[in-house]
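Some notes on the structure that comes next.
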Amino acid sequence: MTVGVERNSEESWLPPWVIREHQARYQFASTFVLGKEVVDCACGSGESSYIFSKAGAERVIGIDADLETLNSAILTYRGTCLSFATGSGTDIPLNDASADVFICLESIEHVDADSTFVTEIARVLRPGGMLILSTPNRNVTNPGSSLDRAPWNKYHVREYDEQELDLLTCSEFEIVEKFGQNPVPAIFLRFSKLLSRIFGTLFAVRFNQLYKCRWFLIDGSKLHTVQKSKRQMEYFVWVLRRCG
């Protein structure tokens, strides 16, 4: 089961950096799809599925729980090699071992039964298949909070720190490499946690959002590149391989 889902939409305004962050994740994930059978989880409008198909995927299946959004994607990309199906994270409508790459960008934080979701992803992937996974880093997005506390974002069921995400995925997957987006200085993290302790998590979240407003004045085309870094990152972007 999933809760309500955030969408990138022409009908709703989003800060420009949110769009750039998504585009950077699509670009990163597209480097793993050449000649592969790919599942694009929570594909929404189908934009990401189309990007993966143009990057050389042999086949792309977009999965989404929202039938209205999915019907729009079907109409938009009619005549292409894309296919779409209705499904949820805990009931993926695909056969066992039917895909080479499963792309799960900013989705797992929306799923109530996250361990079931991980098991379903592993079921759909062939042995050695790749999972490209991104999700917010709670230490940045909800400083001073814990796994069992609801995030400030009303669409998210939970957010993870690095150890918790490791624990969630390790039963089915091995880490190939860890990447991320938006490196965060250690001093900023410490200050955010201090604000959270004194004024509450929401105050620290609003401080972080205000800090991001500088990106209105900066050309952000390269700011959100998926990268390796020794710093904490605002978003985890991990490459994992199915065990077995």
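For clarity, every value in this text was computed on a predicted model and none was experimentally measured. Index from 1, following the sequence.
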Original post:
Is it true that the side chains of D40 and S48 contain a donor and an acceptor less than 3.5 Å apart?
Top reply: yes
Donor-acceptor contacts, no H, no angles, side chain residues 142-150, under 3.5 Å, sequence neighbours left out:
{"from": "N142", "atom 1": "OD1", "to": "W152", "atom 2": "N", "distance (Å)": "3.1"}
{"from": "N142", "atom 1": "ND2", "to": "E159", "atom 2": "OE1", "distance (Å)": "2.7"}
{"from": "S146", "atom 1": "OG", "to": "D148", "atom 2": "OD1", "distance (Å)": "2.6"}

Subject >> Nearest heavy atoms of P183 and S229, plus distance in Å >> reply: CB-OG, 4.2 Å
Subject >> Listed partners of K54 passing side chain to side chain donor-acceptor pair (under 3.5 Å), at least two apart >> reply: none
**OP:** Please report the shortest heavy-atom distance between K228 and E177, naming the atom on each side.
**Re:** NZ-OE2, 2.6 Å
**OP:** Using ring pair (Phe, Tyr, Trp, His ring centres under 6.0 Å) as the criterion, list what pairs up with F188, not counting sequence neighbours.
**Re:** F207, Y211
Original post:
In chain order, what residues pass the side-chain contact (heavy atoms from CB on, under 4.5 Å) check against S30, with sequence neighbours excluded?
Top reply: Q27, I51, F52, A55
Original post:
Under 3.5 Å, is there a donor-acceptor pair between the R20 and Q23 side chains?
Top reply: no
**OP:** Determine whether E37 and R126 make a side-chain contact, defined as any pair of heavy atoms from C-beta on separated by less than 4.5 Å.
**Re:** yes
Subject >> Residues forming a ring pair (Phe, Tyr, Trp, His ring centres under 6.0 Å) with F179, sequence neighbours excluded >> reply: F28
Subject >> Set of side chain to side chain donor-acceptor pair (under 3.5 Å) partners for N139, sequence neighbours left out >> reply: none
Original post:
Where do L105 and I132 come nearest, in terms of heavy atoms and distance?
Top reply: CD2-O, 4.1 Å
Original post:
What are the two closest heavy atoms between Y155 and H110, and how far apart are they?
Top reply: O-ND1, 3.0 Å
